[in-house]
Visitor: 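This structure is in structure tokens; I'll ask about it shortly.
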Amino acid sequence: MKKTICALTLTVISLNMAYSQSSNPARLTDGPSDIVQTAGRDRLGCFAPEFARLNDDVLFGQVWSRTDSLSLRDRSIVTVTALVSSGITDSSLTYHLQSARKNGVTRTEIAEILTQVAFYAGWPKAWAAFNQALEVWRDDTPVSDARALFERELIFPVGEPNTAYARYFTGNSYLYPVATDGINLVNVTFEPHCRNNWHIHHATKGGGQLLVCVAGTGWYQEEGKPAVKMRPGDSVTIPAGVKHWHGAAADSWFAHLAMELPGEGLSNEWLEPVDDTHYDNLAQ
């Protein structure tokens, strides 16, 4: 068991570094990113080739590529603030607002950023910027905002909707395969209030499951025992043959790594859903 947990820890560390350095615009990277921009050459390459080169290779190439010093998300916030403060609310602001959203700035955050700017740069400038921000974040909702903020905590992507096992879950869950070569390691993400049914991991020898919380707050419970709250860094080793369930707290997204432990004659038995009253009483 210790060897299994050690191998899992090393896998998590290495994959965490690879993901956080290459796929999350809110985080710093080990070195400069390879950002390629051609807008200057496409628009002005024939008319002003030197300006186009400086725009593409220096501003958006060298400066924006320095994600080892300042993340893409933070660069977007600085750029939007500078443009609005200068009264530049044309298509260039629209572009940088779109980039800010792509780089992880939420609807709630951009509203707060522009409100802050209004007091220092002027109310009319903020009004003009809000008109553009409304269009850029039009399709976002408080739920998507909460998911975006949660994803910033995660060391792995949320993944795809868990359609294959949806019938065994109350609420929406998502799966992201972290490793499949020699070890089956999956990141499972639960929306608030989501949990799986009671279930049992069967085995004729060995078996069971290991859970490691990586973000948010959730619950784990074995039949006949009190529910245990799980927070980042907490782990649970579930022996084969034990009836249990796990899922998110009612007011929090939750993600854990799940790994089936080695054994023989492995199978899962899905049972009844966790009763709503039982679940709701956990928070009291």
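Every heavy atom of this structure was used, including side-chain atoms; hydrogens, water molecules and symmetry mates were not.
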Visitor: Measure the spacing between OG1 of T67 and CZ of R75 and express it to the nearest 0.5 Å.
Guide: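 The distance works out to 7.5 Å.
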Visitor: Do side-chain atoms of T204 reach the backbone of E264 as a donor and acceptor pair under 3.5 angstrom?
Guide: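 Yes.
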Visitor: Does F169 share a hydrophobic cluster with W253, counting links as ILVMFWY side-chain heavy atoms below 4.5 Å and allowing steps through other members?
Guide: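 Result: no, two separate clusters.
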Visitor: Cut-off 3.5 Å, side chains only: do T108 and D145 have a donor facing an acceptor?
Guide: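 Looking only at side-chain atoms, D145 and T108 do form a donor-acceptor pair, the distance falling under 3.5 Å.
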Visitor: Treating S65 as the side-chain partner and D34 as the backbone partner, does any N or O pair qualify as donor plus acceptor under 3.5 Å?
Guide: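 Checked: no pair found.
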Visitor: Any donor-acceptor pair under 3.5 Å linking the side chain of K125 with the backbone of S85?
Guide: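 Answer holds: yes.
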Visitor: Quick one: does S252's side chain have a donor or acceptor within less than 3.5 Å of a partner on A249's backbone?
Guide: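 Here the side-chain-to-backbone pair does not exist.
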Visitor: Between the side chain of D74 and the main-chain N/O of L70, is any donor-acceptor distance below 3.5 Å?
Guide: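 Flag not set: sc D74 to bb L70 has no pair under 3.5 Å.
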Visitor: How long is the gap from CG on N24 to CZ on R152, to the nearest 0.5 Å?
Guide: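 Separation between the atoms: 8.5 Å.
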Visitor: Where is the tightest heavy-atom contact between P25 and G104, given as atom of each residue plus distance?
Guide: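 Looking at all heavy atoms of both residues, the closest pair is CG-N, 4.5 Å.
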Visitor: Counting neighbours of CH2 on W127 that are heavy atoms of other residues, nucleotides or ligands and sit closer than 6.0 Å, is the number greater than 12?
Guide: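 Incorrect, the count does not exceed 12.
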Visitor: Run the ring pair (Phe, Tyr, Trp, His ring centres under 6.0 Å) check on Y220 and H256 step by step: do they pass?
Guide: CA-CA 11 Å; Y220 167 77; H256 66 56; 9.4 Å; no
Visitor: Could you check whether R73 pairs with E109 (Lys NZ or Arg NE/NH1/NH2 to Asp/Glu carboxylate O, under 4.0 Å)?
Guide: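 Yes.
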Visitor: Say whether H244 and E222, considering side chains only, have a donor N or O and an acceptor N or O under 3.5 Å apart.
Guide: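 Side-chain D/A pair, H244 to E222: absent.
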Visitor: Looking only at side chains, do T94 and Q132 share a donor and an acceptor under 3.5 Å apart?
Guide: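 T94 vs Q132: donor-acceptor pair found between side chains.
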Visitor: Looking only at heavy atoms, what is the nearest atom pair of T106 and W137, with distance?
Guide: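 Nearest heavy atoms, T106 then W137: C-NE1, 3.5 Å.
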Visitor: Evaluate side-chain contact (heavy atoms from CB on, under 4.5 Å) for R43 paired with F51, printing each intermediate quantity in order.
Guide: CA-CA 11 Å; R43 179 76 171 174; F51 179 87; over 6 Å; no
Visitor: Cation-pi between R195 and F190: NZ/CZ under 6.0 Å from ring centre and within 45° of the ring axis?
Guide: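 Ring-cation test returns no.
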Visitor: Determine the minimum heavy-atom distance between V80 and I110, stating which atoms define it.
Guide: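 Nearest heavy atoms, V80 then I110: CG1-CD1, 4.3 Å.
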Visitor: If I take atom OG1 from residue T189 and atom CG from residue N172, how far apart are they, to the nearest 0.5 angstrom?
Guide: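 If I round to the nearest 0.5 Å, the distance is 12.0 Å.
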Visitor: Quick one: pull up CG in N131 and CG in L114 and give me the separation to the nearest 0.5 Å.
Guide: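 If we round to the nearest 0.5 Å, N131:CG and L114:CG are 10.5 Å apart.
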Visitor: Looking at OG of S99 and CD1 of I77, how far apart are the two atoms once the value is rounded to the nearest 0.5 Å?
Guide: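 Rounded to the nearest 0.5 Å, the OG-CD1 separation comes out at 12.5 Å.
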Visitor: Can you see which heavy atom on F254 is nearest to which on C213, and at what distance?
Guide: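 Looking at all heavy atoms of both residues, the closest pair is CE1-SG, 3.4 Å.
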Visitor: Return yes if a side-chain donor-acceptor contact under 3.5 Å exists between D68 and T29, otherwise no.
Guide: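 Side-chain D/A pair, D68 to T29: absent.
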Visitor: On a heavy-atom basis, which atom in Q221 and which in P226 lie closest, and how many Å separate them?
Guide: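 Distance-wise, the nearest heavy atoms are NE2-C, 4.0 Å.
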Visitor: Would you call R101 and D139 a salt bridge, using N to O less than 4.0 angstrom?
Guide: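 No, no charged N to carboxylate O under 4.0 Å.
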Visitor: Check the orientation of W64 and H96. Use parallel for under 30°, tilted for 30 to 60°, and perpendicular for over 60°.
Guide: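 The arrangement is parallel - the two ring planes meet at less than 30°.
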Visitor: To the nearest 0.5 angstrom, please state how far the CG atom of L97 sits from the CG atom of L93.
Guide: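 CG of L93 is found 4.0 Å from CG of L97.
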Visitor: Salt-bridge test for D57 and R41: reply yes if a basic N is under 4.0 Å from a carboxylate O, no otherwise.
Guide: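 R41 and D57: salt-bridged.
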Visitor: Parallel under 30°, tilted from 30 to 60°, perpendicular over 60°: which one fits the rings of H199 and H246?
Guide: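 Aromatic pair H199/H246 classed perpendicular.
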Visitor: What orientation do Y168 and Y165 show, parallel under 30°, tilted 30 to 60°, or perpendicular over 60°?
Guide: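 Answer is tilted, since the angle falls between 30° and 60°.
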